Structure formats: C-alpha cells, structure tokens
Amino acid sequence: MNETMVCVVGNVATRPVYRETASGPAARFRVAVTSRYWDREKGAWADGHTNFFTVWANRQLATNTAASLSVGEPVIVQGRLKVRTETREGQQGWMSADIDAVAIGHDLARGTTAFRRVPRPEQPTSTDRAEPNWESEAETSQATGAASNQPRPQQAVMT
C-alpha cells in the first residue's frame, strides 16, 4: 500500500469528541505541533510555525482516547496522513490535514502517566480442550537426566 505514515509530537488542542457510529466507536481531536529552533540573535529557543492536525481514532483506540486525553497534554500520534482540499463557504482551496491514527500515547519526555489496561469481556472457557504440553523433548530429557529412546519421525518423501 502506498500510504504516508507519520508520527507527530505535539499537544492536544481540542477536547476529544466521542461518537458511537454504525461501524463502531469513533473519536476525533486536534493536535497542535509547534516547531522550535535556536535563535542565535536572542540566544534562546523560539517557537516556529504551529501546524494543526485532526486526529481520527476508531474502535477501542477511540474509546481509550476519549477516556485518557485532555486539552494541553503532550501526545505522540502515529497514523496515516490524509490531506484534503475542499470548497467551504464559497472559498476554494481550503485544506485540512487529518491523521487516521494507529497509535496514540502520552509523550513521556514531558511528563509521567499511569497505564491502566482496559478489562476485556470474559470469554467463555471451553473445558473440552486440554492444555498443550509446552516442554520440548530435550527439556524433558534434561530434567530427568535421561536421553530419549523414542525414535524420531521420518520426513515425508514426495514422489
């Protein structure tokens, strides 16, 4: 696939908006990404241009985004970049840059966070399936101190 994958580091600019849609949960928010550069004349760091991206999240990522993010928090967003050109209110050439998010997280270079795993719905357990024996033949023979006298299976020969 020829998709443009991006990773942006910025701040949450708008409160995440959560919606239940026919295809599942969806959330969107805006992220502000400001470049910084060293201004030699002032001898200090200065802010450059700010880019705004609309971030779209779907399914479980949407649910977790809405529950976890607040305005002003530093985030890292990875996803597919989609640049759209539209006509709005009679103005041609209105552009927007959207990111269809694959992963969203807090930027730990600028603060701490506490991860909480979302509990999954309980799956019915089947009692008719036995647990497989994960020990290999070599581990079993090493543990007992005996070499295995079992013949090895022959490889199938196709003619």
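Source: prediction; values computed, not measured.
Of all non-hydrogen atoms in T21 and A26, the two that sit nearest each other are CG2-CB, 4.2 Å. Nearest heavy-atom pair, E20 versus P25, reported as atom, atom and distance to 0.1 Å: OE2-CG, 3.9 Å. Listed here is the closest heavy atom pair of V71 and R15: CG2-N, 3.4 Å. Residues A62 and Y18 approach most closely at O-CD1, 3.9 Å, considering heavy atoms. Nearest heavy atoms, L81 versus A97: CD1-CB, 4.3 Å.
Linking Ile, Leu, Val, Met, Phe, Trp and Tyr residues whenever their side-chain heavy atoms come within less than 4.5 Å leaves I76 and I104 in two separate clusters. No path of Ile, Leu, Val, Met, Phe, Trp and Tyr side chains, each step under 4.5 Å between heavy atoms, connects V9 with L108, placing them in separate hydrophobic clusters. Hydrophobic cluster membership is shared by V83 and V6, with clusters built from Ile, Leu, Val, Met, Phe, Trp and Tyr side chains linked at under 4.5 angstrom. One hydrophobic cluster holds both V55 and L69 under the rule that ILVMFWY side chains link at heavy-atom gaps under 4.5 Å. Taken together through direct or relayed side-chain contacts under 4.5 Å among Ile, Leu, Val, Met, Phe, Trp and Tyr, V8 and L61 form part of one hydrophobic cluster.
N11 contributes no side-chain N or O that, together with a main-chain N or O of A13, makes up a donor-acceptor pair within less than 3.5 Å.
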Practice prompt. Starting from the C-alpha separation in whole Å, work towards a yes-or-no answer on side-chain contact (heavy atoms from CB on, under 4.5 Å) for F53 and V77.
Written response: CA-CA 10 Å; F53 298 94; V77 178; over 6 Å; no
Discussion item. Applying side-chain contact (heavy atoms from CB on, under 4.5 Å) to F52 and V31, what does each step give before you reach the verdict?
Written reply: CA-CA 6 Å; F52 288 89; V31 63; over 6 Å; no
Item to complete: Mind running side-chain contact (heavy atoms from CB on, under 4.5 Å) on D100 and N58 for me, showing each step along the way?
Response: CA-CA 8 Å; D100 186 13; N58 296 302; 3.7 Å; yes
Item to complete: Determine, step by step, whether F29 and T65 satisfy the side-chain contact (heavy atoms from CB on, under 4.5 Å) criterion, reporting the C-alpha distance in whole Å, the side-chain angles of both residues, the deciding distance to 0.1 Å, and the verdict.
Response: CA-CA 9 Å; F29 67 96; T65 294; 3.7 Å; yes
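The structure places CE of M5 at 10.0 Å from CD1 of I99, a figure rounded to the nearest 0.5 Å. Distance check, rounded to the nearest 0.5 Å: CD of E73 to CG of D107 gives 11.5 Å. The line from CH2 of W38 to CH2 of W45 is 7.0 Å long, rounded to the nearest 0.5 Å.
By the 4.5 Å heavy-atom criterion applied to side chains, T112 and H106 are not counted as neighbours. D98 has its side chain within reach of W56: a pair of non-hydrogen atoms, C-beta onward, lies under 4.5 Å apart.
With hydrogens and angles left out, the side-chain atoms of N64 and R116 include no donor and acceptor closer than 3.5 Å. The closest side-chain donor-acceptor pair between T54 and R30 falls under 3.5 angstrom.
The 12-atom threshold is exceeded at CZ of R110, counting heavy atoms of other residues, nucleotides or ligands nearer than 6.0 Å.
For T50, the side-chain hydrogen bond (donor to acceptor under 3.5 Å, both in side chains) partners two or more places apart in sequence, or in a different chain, are T34.
Each of E86, K82, R84 was evaluated against S96; a single residue qualifies, R84, per the side-chain hydrogen bond (donor to acceptor under 3.5 Å, both in side chains) test.
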